Each structure stands twice: as C-alpha cells, then as structure tokens.
Amino acid sequence: MVETQGYGCEEHKVTTDDGYILSLQRIPKGISGKEATNPPVLLQHGLLMDGITWLLNPTDESLAFILADNGYDVWIANTRGTKYSQGHTSLSPQDPAYWEWSWDELVDFDLPATFKYVHDQTGQKLHYVGHSLGTLIAFAAISENKLLDMLRSAALLSPIAYLGQIKSPLAKSASQNFIAEGLYWLGIHEFDPRGEAVVKLLEKICQHPGNNCSDLMNSFTGPNCCVNSSRTDIFLEHEPQATATKNMVHIAQMTRKGTIEKFDYGNDEENNKHYGQPNPPQYIISNIPNNIPLFLGYGGADYLSDVNDVKTLLDKLQNHNPDKLVLQYTEDYAHADFVFGTNAKEIVYNPIMAFFKLN
C-alpha cells in the first residue's frame with residue numbers, strides 16, 4: 001500500500017508484555033525523499049480496522065502520506081488480532097486463549113509497547129493520532145498516567161469515551177440483544193466480521209424493523225458526507241478486520257451502562273478475582289493531566305461518537321487548560337469521514353498539523 005505509491009516503508013515488530021507480536025509500519029520520509037525533520041507521529045486505527053485505514057485514499061487525501069510529505073516520521077500501529085498482528089510468543093489465533101482480551105489489554109499492553117518502541121527507535125516524544133477505538137484506549141491510558149513521559153500531544157478523531165447515546169440503530173440493537181455475549185457463550189472467541197457466525201447474526205439484526213442494512217457502513221457510522229464511494233472496493237479488500245468477541249462484549253457493556261470502566265465479568269466473584277472488588281474499576285477521565293495538548297475532532301452526523309456523548313466527555317475535561325485543548329466540530333461529518341473523507345485534509349488534517357507545530 002505504501003511502496004506502490006513511491007514511498008519507502010519499513011516493517012517493525014513489537015512484542016507486548018503479554019506475548020502478542022504486533023507489526024508496526026514506518027514511513028520514514030515523504031515522496032521527495034528528504035529525511036523527516038518533524039517528530040514521530042503514531043497513527044492508531046479504530047475498531048474492526050487496521051493500519052491500512054490511513055492509506056486507503058489517494059496520497060494527497062490519506063493522513064499517513066500527508067504527514068510524511070510534511071516532514072513527519074510516520075508510524076502506523078496494528079492492534080492484536082488484525083491481519084498483520086497475529087503473532088504471539090506461545091499462542092496461535094486458532095487458540096481460544098489468543099482472543100481472551102478486550103480493549104483493557106490494548107490500554108495495558110499494546111499501546112504502551114508500541115509507544116515505547118517508537119520512542120526508543122527515534123529518541124523523541126511522539127505525537128499521537130487516534131480514530132474511534134484508538135481514542136478510547138488513549139483516554140484510558142492517559143487517565144491512568146501511562147504514556148505521559150513519551151507523549152507530546154494527542155489528536156483524537158471521533159472521540160469515544162462514553163457510548164450511552166450512540167445513534168447507530170445496528171450497534172444499539174446488537175448491544176441491547178446481547179449479540180456479542182451470545183457469540184462468546186457459544187465459544188466463538190474471535191469476532192470475524194466476514195466469518196459465518198457474525199454474518200448470520202448480522203442478517204438477523206437486519207431483519208429487525210428500523211434497521212436498514214442496504215448500506216451497512218452508514219447504518220453503523222452515520223451518513224458519511226465525504227467518503228468517495230468508488231474507494232469502497234479498495235476498502236473491502238482490506239477491511240473489516242477481526243477483533244476479540246470479548247472486546248465487542250466490553251463495548252456493548254459501555255453502550256448499555258453509559259460508563260467507561262474495565263471489562264465487567266458479570267458477577268461479584270469473577271470481578272473480585274480480577275479486580276479485588278465486586279464492580280469493575282472506572283477509568284477516571286478527569287485524571288487526564290490538564291496540560292496535555294489535546295485536539296478533539298468530532299462530527300454532527302456521527303452515529304458512534306455521538307455529540308451528546310462527546311459533551312459528557314468534555315464535561316469531564318472542563319478543567320483542562322484552555323490553551324491545551326483544541327475542539328473542532330464538523331456539522332456534516334460522520335464516523336468514517338475523519339479517515340476517508342475526500343476533503344479531510346482541508347477540514348481536519350491541516351488543523352492537526354498546525355496543532356502539532358504548536359506542541
């Protein structure tokens with residue numbers, strides 16, 4: 001995806017403390033071949049996606065290439081379980097135990113390991129760009145004082161911390177009907193959007209009145225204004241990617257409870273075993289240090305990062321140093337526009353680079 005566009009690309013491997021081997025791609029310089037003069041930027045994709053998220057549009061519309069051409073040292077993360085990060089020191093993706101994780105583990109292991117690797121390789125603090133789930137794990141990690149000594153600033157697109165008010169009828173009905181839990185109880189630990197079990201379930205959800213499945217992407221993400229439909233074929237060659245069913249259960253718990261907390265094992269005894277308390281611990285968003293430079297980009301048409309949920313998040317950040325918080329609201333943007341919008345460079349990426357320059 002990178003080299004065919006005339007850019008150099010390096011392949012790196014990172015092993016997490018719990019044994020997952022993640023692949024990380026680096027675009028060390030822009031098309032001109034000049035060495036990067038700006039700090040490293042780590043790009044972290046969202047749920048059911050992988051690092052190719054940042055490369056699917058033409059080079060003048062894709063964030064990874066735009067950053068490289070503007071002198072940034074670009075690093076692209078791929079979460080455990082996605083196509084390029086299926087390695088493990090002792091397990092294979094065929095083992096149910098390989099999929100025994102939720103986004104808590106991305107907070108505890110994947111993000112810190114990836115950050116540390118880029119920091120060690122470059123000797124510099126990082127700028128971070130997260131989309132969707134990539135924002136959730138950053139909020140959670142920073143609220144627990146992780147990453148702070150390696151982070152310059154964070155640009156968080158379609159920010160997700162609270163999910164109590166999502167508008168996506170499909171996501172809502174899946175969580176209210178305990179769809180992911182059903183798969184988990186059946187022993188299906190890998191949530192593969194292309195796999196038979198998930199496809200059957202989708203068909204079922206699609207039969208519910210009010211669920212329009214003729215356009216799955218928009219039914220989940222909201223009506224994206226600016227995604228070029230001719231790119232859909234390229235998109236479908238690479239995405240959607242698998243995740244852990246347990247991760248989907250965790251996200252469904254958030255939509256039902258409206259809270260941001262660790263995975264709920266569903267009974268006092270199991271929670272006590274894992275956490276030493278009967279309820280899962282909360283992630284305290286207001287613990288995010290007030291001086292960390294944050295850029296939050298959110299859209300009025302986004303079904304997953306709903307404007308009202310973003311308001312809840314902003315309430316928790318109300319003491320943030322106003323000089324360190326940039327909010328950008330785009331009325332007609334939905335969830336996918338932030339990464340695939342044909343006009344995202346003007347609307348989102350140029351402002352992000354201006355934000356990086358200040359920090």
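Bear in mind the structure is a predicted one, so any value in this text is a computation, not a measurement.
With rounding to the nearest 0.5 Å, the separation of CG in Asn287 from CD1 in Ile142 is 12.0 Å. To the nearest 0.5 angstrom, Asn290 atom CG is 10.0 Å from Leu325 atom CG. Considering CG of Leu111 and CD1 of Ile137, their distance stands at 4.5 Å, rounded to 0.5 Å. To the nearest 0.5 Å, the span separating CE on Met254 from CD1 on Ile160 amounts to 7.5 Å. The line from NZ of Lys167 to CG of Leu304 is 11.0 Å long, rounded to the nearest 0.5 Å. Taking NE2 of His131 as the reference point, atom NE2 of His335 lies at 4.0 Å (rounded to 0.5 Å).
Counting heavy atoms from C-beta outward, Asn319 and Ser286 have side chains that stay 4.5 Å or more apart. Residues Phe65 and Asn57 fail the side-chain proximity criterion, which asks for heavy atoms closer than 4.5 Å. The closest side-chain heavy-atom distance from Leu314 to Leu296 is below 4.5 Å. Residues Met1 and Leu56 have side chains in contact (heavy-atom distance under 4.5 Å, counting atoms from C-beta outward). Side-chain contact between Arg152 and Pro293 is absent, with no heavy atoms from C-beta onward closer than 4.5 Å. Counting heavy atoms from C-beta on, the side chains of Tyr72 and Met353 come closer than 4.5 Å. Between Thr243 and Trp101, some side-chain heavy-atom pair lies under the 4.5 Å cut-off. For the pair Trp103 and Ile251, the minimum side-chain heavy-atom distance is below 4.5 Å.
With Asn38 contributing its side chain and Asn70 its backbone, the two residues share a donor-acceptor pair below 3.5 Å. Checking side-chain atoms of Asp104 against main-chain N and O of Lys262 turns up no donor-acceptor pair under 3.5 Å. Asn224 places a side-chain N or O within donor-acceptor distance of the main-chain N or O of Ala336, the cut-off being under 3.5 Å. Between the side chain of Tyr117 and the backbone N or O of Thr15 there is no donor-acceptor pair closer than 3.5 Å. Between the side chain of Gln253 and the backbone N or O of Gly266, no donor-acceptor pair lies under 3.5 Å. A donor-acceptor pair under 3.5 Å links the side-chain atoms of Arg256 to the main chain of Ser175, judged by distance alone. Between the side chain of Ser168 and the backbone N or O of Thr221 there is no donor-acceptor pair closer than 3.5 Å. In this structure a side-chain-to-backbone donor-acceptor pair under 3.5 Å is missing from Ser62 to Ala64. In this structure, the side chain of Asn291 does not engage the main chain of Lys324 through any donor-acceptor pair within 3.5 Å. Judged by distance alone, with hydrogens and angles left aside, the side-chain atoms of His119 form no donor-acceptor pair with the main-chain N or O of Lys125 at under 3.5 Å.
Within 6.0 Å of CD in Glu196 there are 12 or fewer heavy atoms belonging to other residues, nucleotides or ligands. For CD of Glu269, the number of neighbouring non-hydrogen atoms (other residues, nucleotides, ligands) closer than 6.0 Å is 12 at most. Within a 6.0 Å radius of CG in Asp17, other residues, nucleotides and ligands contribute 12 heavy atoms or fewer. Within a 6.0 Å radius of NZ in Lys146, more than 12 heavy atoms belonging to other residues, nucleotides or ligands are found. Other residues, nucleotides and ligands contribute only 12 or fewer heavy atoms inside 6.0 Å of the CD atom of Glu331.
Smallest separation of non-hydrogen atoms from Leu47 and Leu133: N-CB, 3.6 Å. When all heavy atoms of Val310 and Ser305 are compared, the closest pair comes out as CG2-OG, 3.5 Å. Shown here for Asp108 and Glu144, the closest heavy-atom pair between the two residues is OD1-OE1, 4.1 Å. Pro28 and Gly8 get closest at one heavy-atom pair: CD-O, 3.7 Å. Taking all atoms of both residues into account, the shortest heavy-atom contact from Ala301 to Ala334 is O-CB, 3.4 Å. Here the closest heavy-atom approach between residue Ser158 and residue Thr135 is recorded as O-OG1, 3.8 Å.
Cluster membership check: Val249 does not share its hydrophobic cluster with Val107, using side-chain heavy-atom separations under 4.5 Å among Ile, Leu, Val, Met, Phe, Trp and Tyr. Grouping the Ile, Leu, Val, Met, Phe, Trp and Tyr side chains by contacts below 4.5 angstrom, directly or via other members, places Tyr7 with Val129. One hydrophobic cluster, built from ILVMFWY side chains closer than 4.5 Å, cannot hold both Val14 and Phe109; they sit in different ones. The hydrophobic cluster containing Leu24 does not contain Ile21, counting ILVMFWY residues as joined when their side-chain heavy atoms lie under 4.5 angstrom apart, directly or transitively. When the side chains of ILVMFWY residues are joined at heavy-atom separations under 4.5 Å, either directly or via intervening members, Leu294 and Met150 end up in a single hydrophobic cluster.
For Tyr333 and Phe338, the ring centers are positioned less than 6.0 Å apart. For Phe356 and Phe295, the ring centers are positioned 6.0 Å apart or more. Less than 6.0 angstrom separates the ring centroid of Tyr20 from the ring centroid of Tyr98.
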Walk me through it: do Phe355 and His127 pass the test side-chain contact (heavy atoms from CB on, under 4.5 Å)?
CA-CA 10 Å; Phe355 164 76; His127 293 299; 5.8 Å; no
For Tyr303 and Ile166, run side-chain contact (heavy atoms from CB on, under 4.5 Å): C-alpha distance rounded to whole Å, both residues' side-chain angles, the deciding distance at 0.1 Å, then the answer.
CA-CA 6 Å; Tyr303 280 2; Ile166 57 168; over 6 Å; no
Could you check Ile352 against Leu157 for side-chain contact (heavy atoms from CB on, under 4.5 Å), going step by step and ending with a plain yes or no?
CA-CA 10 Å; Ile352 287 177; Leu157 307 176; 3.9 Å; yes
Residues Leu313, Ile260; criterion side-chain contact (heavy atoms from CB on, under 4.5 Å); working and verdict:
CA-CA 10 Å; Leu313 166 66; Ile260 173 171; over 6 Å; no
Before giving the answer on ring pair (Phe, Tyr, Trp, His ring centres under 6.0 Å), spell out for Phe139 and Tyr283 the whole-Å C-alpha distance, their side-chain angles and the decisive distance to 0.1 Å.
CA-CA 9 Å; Phe139 285 129; Tyr283 289 99; over 10 Å; no
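Lys273 forms no cation-pi arrangement with Tyr265, by the criterion of a distance under 6.0 Å to the ring centre and an angle within 45° of the ring axis.
Between Glu61 and Lys345 there is no salt bridge, since none of the side-chain N atoms of the basic residue sits less than 4.0 Å from a carboxylate O of the acidic one. Taking the charged nitrogens against the carboxylate oxygens, Lys116 and Asp120 do have a contact shorter than 4.0 Å, which makes a salt bridge.
Looking at Thr245 and His189, their side chains never bring a donor and an acceptor atom within 3.5 Å of each other. Between the side chains of Tyr162 and Asp306, no donor-acceptor pair is found at a separation under 3.5 Å. Gln124 and Thr122 form no side-chain donor-acceptor contact under 3.5 Å, judged by distance and modelled atom types alone. Asp264 and Asn271 are linked by a side-chain donor-acceptor pair at a separation below 3.5 angstrom, with hydrogens and angles left out of the test.
Contacts classified as side chain to side chain donor-acceptor pair (under 3.5 Å) and involving residues 74-90 (residues at least two apart or in different chains) are given here: Asp18-Arg80, Gln25-Asn78, Gln44-Thr79, His45-Thr79, Asp73-Trp75, Arg80-Asp110.
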